[in-house]
Novice: 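Sharing a structure here in C-alpha cells format.
These numbers were taken from a predicted model, which means no experiment stands behind them.
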Amino acid sequence: MNTRRQFAFALSLGLACGKPQAAAEPRSAEPDLAPKPMGRLFSHYDYPPFVTAPGQGLTQDLAQWLSAKLPQELGPVRAQLLPRKRLDLEMSQPGWMGLVPWVSPQFFGDLTMQRYIWSAPVMDDGDLVLSLKKKPVVFQGTASLQGLKLGGVAGHVYQEFEAMIAANSLQREDAPNTLSNLQKLLRGRVDVVFIPRSGLPWWRKQIESFDDQVFVAEQPRNSFQRRILISPHLPLAWREHILEAARAMPQDADWQLALSRYGLQALASKKHSDAGPAALA
C-alpha cells in the first residue's frame with residue numbers, strides 16, 4: 001500500500017500517521033452508544049399487491065405494521081426494493097442482517113429450513129394460469145401449454161417449462177413487467193401468462209373488463225405458502241418479536257384491515273404455529 005493510501009486508510013479509522021485522534025479515544029466509563037441494528041425488510045417483488053406505486057403496497061404496509069408491533073427500543077422496520085440478483089448478493093455478505101417477506105423455503109434452496117430462520121406461514125398463494133376466454137387454456141400440467149406462446153416477465157424463471165422452451169415446443173415472449181404482460185395477453189399477442197393468486201384482486205380492479213375477457217384456469221400452476229425469512233444473525237430479541245408477530249397476523253385486526261385493501265383476506269394463512277425449526281437457535 002503506498003503512502004497516500006496508508007494515510008487515507010488511517011484517516012478512515014480516525015487516525016493520522018499512527019497518532020490517535022481525540023474522537024477515537026476509548027470511553028470506557030460511558031455506556032455503549034453504538035446504534036442498535038435497524039430492521040431492514042428486503043423484497044424483490046416489484047408488482048401488485050406487494051408494490052402498487054412508489055412507496056406503496058403490501059410490503060410497505062408490512063414494514064409499518066411490524067414497526068408498530070415491535071418494542072420501541074428495537075427501532076423501526078424499513079422496506080427496501082431490490083432485484084433478485086442484488087438481494088442474493090446482499091444475503092451472501094458475512095453477517096448479513098435483515099428480513100425477506102413473502103418467500104418460501106423452496107425459493108431459497110432451504111427446504112429443511114436450517115439455513116435461515118422462517119416464520120409461520122403468513123399467506124397462502126400460488127401462480128394462476130391466465131388465457132383469453134375466446135381461446136381458453138384448461139391447464140392440467142406442463143403438457144397443456146404444448147404449442148402455445150407463453151407471456152413471460154423478463155428475468156423470471158419458469159423452471160418446469162424451461163425444457164419445453166429450449167425445444168421450441170413452447171414459445172416464450174417476454175415483457176418488462178406484469179402489467180405489460182397482461183396487456184399483451186389482452187391483445188392476443190400471447191396465449192397464456194402466469195400471475196400470483198395474490199395479485200388477482202388488484203388486476204381485476206385495475207384492468208377494465210378483466211373478468212369479461214380473461215379465463216382463469218381452475219388448476220393453478222403451483223401452490224405455496226409465503227413466510228418471512230429471517231437472518232440468523234439478527235439479535236435474538238429481533239427474531240423472537242418477528243416470529244411472534246407473524247404468528248399473531250391471522251388474529252390481528254390492523255393486519256386484516258391492510259389485507260382487505262388488496263382483497264386478500266381469503267389468502268391470509270391460518271396456519272400460525274409451524275415456524276422453522278431453527279427459529280430460536
Novice: Taking all heavy atoms of Q60 and all of A79, pick out the closest pair and write down the distance.
Specialist: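 Between these two residues, the closest heavy atoms are OE1-CB, 3.8 Å.
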
Novice: For the backbone of R115 and the side chain of D110, can you confirm whether one donor and one acceptor N or O come within less than 3.5 Å of each other?
Specialist: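 The answer is yes, because a donor-acceptor pair under 3.5 Å joins these two groups.
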
Novice: Which word best sums up how the rings of W96 and Y116 line up, parallel for under 30°, tilted for 30 to 60°, or perpendicular for over 60°?
Specialist: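 The arrangement is perpendicular - the two ring planes meet at more than 60°.
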
Novice: Could you grab the distance from atom CD of E240 to atom CG of L74, nearest 0.5 Å is fine?
Specialist: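 Going from CD on E240 over to CG on L74, the span is 10.0 Å.
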
Novice: Provide the closest heavy-atom pair for G141 versus Q219 in the form atom of the first, atom of the second, distance.
Specialist: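 Closest pair (atom of G141, atom of Q219, distance): N-NE2, 3.8 Å.
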
Novice: For F161 and F139, take the angle between the two ring planes, folded into 0 to 90°, and tell me which bin it lands in: parallel under 30, tilted 30 to 60, perpendicular over 60.
Specialist: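 Because their plane-to-plane angle lies in the 30° to 60° range, the rings of F161 and F139 count as tilted.
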
Novice: Using atom types as modelled and distance alone, determine if a side-chain donor or acceptor of R227 lies under 3.5 Å from a backbone N or O of V122.
Specialist: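 No; zero donor-acceptor contacts below 3.5 Å.
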
Novice: Can you see which heavy atom on D191 is nearest to which on L185, and at what distance?
Specialist: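 Nearest pair, atom of D191 first, then L185: O-CD1, 3.7 Å.
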
Novice: More than 12 heavy atoms of other residues, nucleotides or ligands under 6.0 Å from CD of Q93: yes or no?
Specialist: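 Counting neighbours around CD of Q93, more than 12 heavy atoms of other residues, nucleotides or ligands fall under 6.0 Å, so yes.
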
Novice: Answer yes if F215 and L148 sit in the same cluster of Ile, Leu, Val, Met, Phe, Trp and Tyr residues linked by side chain heavy atoms under 4.5 Å apart, and no otherwise.
Specialist: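 Each belongs to a different hydrophobic cluster.
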
Novice: Quick check for you: to the nearest 0.5 Å, what is the distance between L150 atom CG and N181 atom CG?
Specialist: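 These two atoms lie 7.5 Å from each other.
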
Novice: Just so I know, are the side chains of L243 and I230 near enough to count as touching, which here means a heavy-atom distance under 4.5 Å?
Specialist: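 They are in contact (side-chain heavy atoms under 4.5 Å apart), so the answer is yes.
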
Novice: For A258, is there any backbone N or O sitting under 3.5 Å from a side-chain donor or acceptor partner on D61?
Specialist: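 No, because the side chain of D61 does not come within donor-acceptor range (under 3.5 Å) of the backbone of A258.
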
Novice: Do you know which two heavy atoms are closest between S231 and R239, and how far apart they sit?
Specialist: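 Nearest pair, atom of S231 first, then R239: O-CD, 4.1 Å.
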
Novice: For D252 and M249, run side-chain contact (heavy atoms from CB on, under 4.5 Å): C-alpha distance rounded to whole Å, both residues' side-chain angles, the deciding distance at 0.1 Å, then the answer.
Specialist: CA-CA 5 Å; D252 188 90; M249 278 180 162; 5.6 Å; no

Novice: Of all the heavy-atom pairs spanning L267 and S198, show the shortest one and how long it is.
Specialist: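 Scanning both residues completely, I find the closest heavy atoms to be CD1-CA, 3.6 Å.
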
Novice: Looking only at non-hydrogen atoms, find the nearest pair between L234 and L99 and report the distance.
Specialist: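 Heavy atoms of L234 and L99 come nearest at CD1-CD2, 3.5 Å.
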
Novice: Is there a path of hydrophobic side-chain contacts, each under 4.5 Å between heavy atoms of I/L/V/M/F/W/Y residues, joining I165 to V190?
Specialist: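 V190 and I165: separate clusters.
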
Novice: Are F210 and L186 co-members of a hydrophobic cluster defined by side-chain heavy atoms under 4.5 Å apart?
Specialist: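 Same cluster.
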
Novice: A side-chain contact here means heavy atoms from C-beta on lying under 4.5 Å apart; do P48 and Q56 qualify?
Specialist: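 Sidechains of Q56 and P48: no contact.
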
Novice: Return the orientation label for the H156 and Y47 ring planes: parallel under 30°, perpendicular over 60°, tilted otherwise.
Specialist: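 H156 and Y47: tilted rings.
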
Novice: Among residues at least two apart in sequence or on other chains, which ones pass side chain to side chain donor-acceptor pair (under 3.5 Å) with S104?
Specialist: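 Applying side chain to side chain donor-acceptor pair (under 3.5 Å) to S104 gives Q106.
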
Novice: Within the supplied structure, the quantity of interest is the number of heavy atoms (other residues, nucleotides, ligands) at a distance under 6.0 Å from R86 CZ; does it exceed 12?
Specialist: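 No, because the 6.0 Å sphere around CZ of R86 holds 12 heavy atoms or fewer from other groups.
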
Novice: Let me confirm one number: the CE-CG distance from M123 to L62, rounded to the nearest 0.5 Å.
Specialist: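 Between atom CE of M123 and atom CG of L62 there are 9.0 Å.
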
Novice: Should the pair D124-R197 be classified as a salt bridge under the 4.0 Å nitrogen-to-oxygen rule?
Specialist: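 Salt bridge absent between D124 and R197.
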
Novice: Can you see whether S144 engages Q140 through a side-chain donor-acceptor pair at a distance of less than 3.5 angstrom?
Specialist: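 The criterion, which ignores hydrogens and geometry beyond distance, is not satisfied for Q140 and S144.
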
Novice: Looking at K135, I want to see if its NZ is surrounded by more than 12 non-hydrogen atoms of other residues, nucleotides or ligands under 6.0 Å.
Specialist: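 No, not enclosed.
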
Novice: As an exercise, state the distance from CD1 of I228 to OG of S43, rounded to the nearest 0.5 Å.
Specialist: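 With rounding to 0.5 Å, CD1 (I228) is 11.0 Å from OG (S43).
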
Novice: Aromatic contact between F50 and Y262, with the criterion being ring centroids under 6.0 Å apart: yes or no?
Specialist: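 F50 vs Y262: aromatic centres not under 6.0 Å.
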
Novice: Taking side chain as C-beta onward, heavy atoms only, is E173 less than 4.5 Å from K184?
Specialist: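 Yes, at least one pair of side-chain atoms sits under 4.5 Å.
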
Novice: Can any side-chain N or O of S67 pair as donor or acceptor with the backbone N or O of V77 at less than 3.5 Å?
Specialist: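 At least one qualifying donor-acceptor pair exists.
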
Novice: Is there a side-chain contact between V129 and V193 in this structure, where contact means two heavy atoms from C-beta onward sitting under 4.5 Å apart?
Specialist: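 No, too far: nothing below the 4.5 Å cut-off.
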
Novice: Does the side chain of N168 come within less than 4.5 Å of Q171's, by heavy atoms?
Specialist: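 The answer is yes, as the side chains (C-beta and beyond) meet within the 4.5 Å cut-off.
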
Novice: Hey, could you give me the CH2/CG distance between W202 and L200, rounded to the nearest 0.5 Å?
Specialist: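 The CH2 atom of W202 sits 13.5 Å away from the CG atom of L200.
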
Novice: When you check the side-chain N and O atoms of S180 and N177, is any donor under 3.5 Å from an acceptor?
Specialist: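 The answer is yes; a qualifying pair exists.
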
Novice: What distance do H44 atom NE2 and R84 atom CZ have between them, rounded to the nearest 0.5 Å?
Specialist: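 If we round to the nearest 0.5 Å, H44:NE2 and R84:CZ are 5.0 Å apart.
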
Novice: Under the rule for side chain to side chain donor-acceptor pair (under 3.5 Å), what residues qualify as partners of S223, not counting sequence neighbours?
Specialist: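 Scan of S223 (side chain to side chain donor-acceptor pair (under 3.5 Å), adjacent residues dropped) gives none.
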
Novice: Before accepting this row, confirm whether a basic side-chain N of the pair K69/E244 lies closer than 4.0 Å to the acidic partner's carboxylate O.
Specialist: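 Salt bridge absent between K69 and E244.
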
Novice: Begin from the C-alpha positions of L70 and H241 and carry the test side-chain contact (heavy atoms from CB on, under 4.5 Å) through to its verdict.
Specialist: CA-CA 6 Å; L70 292 174; H241 284 291; 3.3 Å; yes

Novice: Charged N to carboxylate O below 4.0 Å: is that the case for R172 and D174?
Specialist: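 Between D174 and R172 there is a salt bridge, with a charged N closer than 4.0 Å to a carboxylate O.
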
Novice: Can you see whether D125 engages W102 through a side-chain donor-acceptor pair at a distance of less than 3.5 angstrom?
Specialist: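 No donor-acceptor contact under 3.5 Å links the two side chains.
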
Novice: Between D127 and R221, does at least one N-O distance fall below 4.0 Å, as a salt bridge requires?
Specialist: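 R221 and D127: salt-bridged.
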
Novice: Are any of the side-chain heavy atoms of P196 and L128 separated by less than 4.5 Å?
Specialist: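 Counting from C-beta outward, P196 and L128 never come under 4.5 Å.
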
Novice: Do L41 and M97 belong together in a cluster built from hydrophobic side chains that touch within less than 4.5 Å?
Specialist: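 Yes, it is one cluster - the side chains of L41 and M97 are joined through contacts under 4.5 Å.
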
Novice: Would you sort out whether V214 and W203 count as a side-chain contact (heavy atoms from CB on, under 4.5 Å), showing the intermediate values?
Specialist: CA-CA 11 Å; V214 177; W203 293 118; over 6 Å; no

Novice: Are L170 and Y158 in one and the same hydrophobic cluster, where Ile, Leu, Val, Met, Phe, Trp and Tyr link if side-chain heavy atoms are under 4.5 Å apart?
Specialist: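 L170 clusters together with Y158.
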
Novice: Just do the side-chain contact (heavy atoms from CB on, under 4.5 Å) check on I117 and L229 with the steps written out, would you?
Specialist: CA-CA 6 Å; I117 296 168; L229 180 158; over 6 Å; no

Novice: Taking side chain as C-beta onward, heavy atoms only, is W65 less than 4.5 Å from D254?
Specialist: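 The answer is yes; the side chains approach within 4.5 Å.
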
